[in-house]
Amino acid sequence: MKVATWNINGIRARLDVALTWTREVSPDVLCLQEIKSEDAAFPAERFEELGYNVATHGQKGFNGVALLSKLPLEDVSRGLPGSDTDDHARFIEAVISVPSGAVRIVSLYLPNGNPIDSDKFPYKLAWMQRLERHAREMLAREETFALCGDFNVIPTDADARFPANWRNDALMQPETRAQYRRLLNLGLTDAFRACDAGDGSYTFWDYQAGAWQKNNGIRIDHILLSPQATDRLVGAEIDKRVRGWEKPSDHVPVIVELDV
DNA sequence: ATGGCTGCAGGATGCAGA
């Protein structure tokens, strides 16, 4: 089963690119972030025509996540547990029945957190703590699951072309990295890193200042696997071709192959 | 470079992004 995650940066502005890529790569599951649409405005029928079931958790203007799957999406749940006041649409999860049992897929858009002296940064850290709690519960159930999405975390200096540029950025703060490690240390595996130990692989290049042309990128889109999912990991890749397409998202898809 | 693009809401620019 091929599972992909992609921060699409506006599904309506990006529909042609998204459909072209989906037709070509034909992932079994596609997790989208930053759909920047309310549920009713998401062009679900265009993906249903390609054979996908669609579940969205959108909001007006910004944020918004979606799950697309060739197999039915069961037990769809919207919103990250653990807050009564968080009204950002950043989390959706569902279960997919597969020959070996069931796989839970999460599509998440972790808060950016900039600037770090604003209340956005503690919001990011609190969101990460809620994610850790949620992951702990899923692990306790020994589920086969994948946390897929834009984590807005540069895990190590090897994940940035110019680490010094990000020293004051929320994506690379010591607190951010420490909380990300706490998540990993529960027993999750960074699927891409498990398959590619080298540096120089990125998932985001800014629109500004020729970042793509200079390969001034960062790796912030991740797929984290539970131990049961890691046992079934076949491969992982970043499809950076897409960043060079016409009217691209500033993020590119990350893909894992699971033998389920 | 002082965020140098980009999408969105709304109907001009301001916000958000990373």
Side-chain angles (χ1 to χ4, degrees), chain A residues 5-19 21 31-43 46 56-66 86-91 107-128 131 148-177 179-180 192 201-222 238 240 242-254:
Chain A
T5 183
W6 193 5
N7 180 322
I8 198 67
N9 189 16
I11 187 60
R12 287 167 291 169
R14 216 68 66 199
L15 186 57
D16 287 344
V17 168
L19 290 171
W21 184 85
C31 304
L32 295 175
Q33 300 87 37
E34 277 207 274
I35 61 174
K36 295 186 176 180
S37 289
E38 295 176 296
D39 292 334
F42 187 95
R46 303 299 301 277
T56 60
H57 184 211
Q59 70 181 100
K60 184 191 279 279
F62 64 116
N63 298 329
V65 289
D86 182 7
D87 56 358
H88 286 199
R90 298 181 174 276
F91 184 98
S107 177
L108 67 90
Y109 177 43
L110 206 148
N112 172 297
N114 281 306
I116 56 176
D117 59 357
S118 73
D119 56 6
K120 293 180 179 181
F121 189 54
Y123 169 65
K124 174 187 191 129
L125 295 177
W127 205 96
M128 294 179 79
L131 181 61
C148 310
D150 177 357
F151 283 71
N152 271 318
V153 175
I154 304 169
T156 71
D157 283 2
D159 299 306
R161 178 69 182 83
F162 299 109
N165 291 357
W166 302 90
R167 190 152 299 145
N168 295 316
D169 196 285
L171 280 59
M172 215 177 80
Q173 289 307 293
E175 298 94 325
T176 303
R177 285 179 162 175
Q179 185 56 49
Y180 183 75
F192 178 77
S201 295
Y202 312 120
T203 65
F204 169 91
W205 295 262
D206 201 290
Y207 287 123
Q208 302 179 74
W212 168 244
Q213 289 74 15
K214 299 174 190 167
N215 194 26
N216 176 10
I218 50 177
R219 191 175 72 94
I220 57 175
D221 299 271
H222 308 299
I238 296 169
K240 73 175 196 176
V242 189
R243 188 61 179 79
W245 289 7
E246 201 70 30
K247 227 170 135 27
S249 170
D250 40 7
H251 297 249
V252 299
V254 181

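Every chain is numbered from 1 and lettered A, B, ... according to where its sequence line falls, protein lines coming before strand lines.
Aromatic ring orientation, W205(A) versus W212(A): perpendicular (interplanar angle above 60°, classes split at 30° and 60°).
When each of N152(A) and G210(A) is assigned the nucleotide of DNA chain B bearing its nearest heavy atom, the one mapping closer to the 5' terminus is G210(A). Along DNA chain B, the nucleotide closest to K214(A) and the one closest to R90(A) are compared, and the more 5′ of them pairs with K214(A).
Counting only residues at least two apart or in different chains, salt bridge (charged side-chain N to carboxylate O under 4.0 Å, His left out) contacts with residues 204-220 of chain A comprise D159(A)-R219(A), D190(A)-R219(A).
Distance, F204(A) CZ to dA16(B) C1': 12 Å, rounded to whole Å. When the P atom of dA16(B) is taken as reference, atom CG of D150(A) falls 17 Å away, rounded to whole Å. What separates CD of E34(A) from P of dT6(B) is a distance of 15 Å, to the nearest Å. At whole-Å resolution of the value, CG in D250(A) and P in dA16(B) are 17 Å apart. The nearest whole Å value for the distance from the CD atom in Q208(A) to the P atom in dG17(B) is 14 Å. At whole-Å resolution of the value, CD1 in I220(A) and P in dG17(B) are 12 Å apart. One atom, CD1 of I218(A), and another, P of dG17(B), lie 14 Å apart when rounded to the nearest Å. The interatomic distance linking W212(A) (CH2) with dT6(B) (P) rounds to 15 Å, in whole Å.
For an aromatic pair to be called close, the ring centres must be under 6.0 Å apart, and W21(A) with W245(A) fails this.
For K36(A), the side-chain hydrogen bond (donor to acceptor under 3.5 Å, both in side chains) test picks out N9(A), with sequence neighbours left out. When the side-chain hydrogen bond (donor to acceptor under 3.5 Å, both in side chains) test is applied to R14(A), the partners found at least two apart in sequence or on another chain are Y207(A). Evaluation of the side-chain hydrogen bond (donor to acceptor under 3.5 Å, both in side chains) rule for R46(A) yields no partner, not counting sequence neighbours. Scored by the side-chain contact (heavy atoms from CB on, under 4.5 Å) test, P248(A) finds R243(A) as partners (sequence neighbours excluded). F62(A) meets the ring pair (Phe, Tyr, Trp, His ring centres under 6.0 Å) test with H88(A); sequence neighbours excluded.
Within the 4.0 angstrom heavy-atom criterion, no nucleotide atom of any strand lies near N165(A). When heavy atoms are screened at a 4.0 angstrom cut-off, F151(A) is found touching no nucleic acid atom at all. At the heavy-atom level, H88(A) lies nowhere under 4.0 Å from the strands shown.
Judged by distance alone, with hydrogens and angles left aside, the side-chain atoms of R90(A) form no donor-acceptor pair with the main-chain N or O of V65(A) at under 3.5 Å.
Spacing of P atoms, dG4(B) relative to dG14(B), comes out at 14 Å, to the nearest Å. Taking atom P on both nucleotides, dT6(B) is separated from dG10(B) by 23 Å, rounded to a whole Å.
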When the side chains of residues 163-176 of chain A are checked against the rest of the protein, which donor-acceptor pairs come out under 3.5 Å, sequence neighbours left out?
unit_1: D169(A); atom_1: OD1; unit_2: N114(A); atom_2: ND2; d: 2.9
unit_1: D169(A); atom_1: OD1; unit_2: L171(A); atom_2: N; d: 2.9
unit_1: D169(A); atom_1: OD2; unit_2: N114(A); atom_2: ND2; d: 3.2
unit_1: Q173(A); atom_1: NE2; unit_2: R167(A); atom_2: O; d: 2.8
unit_1: Q173(A); atom_1: NE2; unit_2: D169(A); atom_2: O; d: 2.9
unit_1: T176(A); atom_1: OG1; unit_2: A170(A); atom_2: O; d: 2.8

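Remark: K120(A) in residues 117-126 of chain A come within less than 4.0 Å of DNA chain B through at least one heavy atom.
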With 3.5 Å as the limit, what N/O pairs link the protein to nucleotides 7-12 of chain B?
unit_1: dG7(B); atom_1: OP1; unit_2: R14(A); atom_2: NH1; d: 3.3
unit_1: dG7(B); atom_1: OP1; unit_2: K247(A); atom_2: NZ; d: 2.8
unit_1: dA9(B); atom_1: OP1; unit_2: G61(A); atom_2: N; d: 3.4

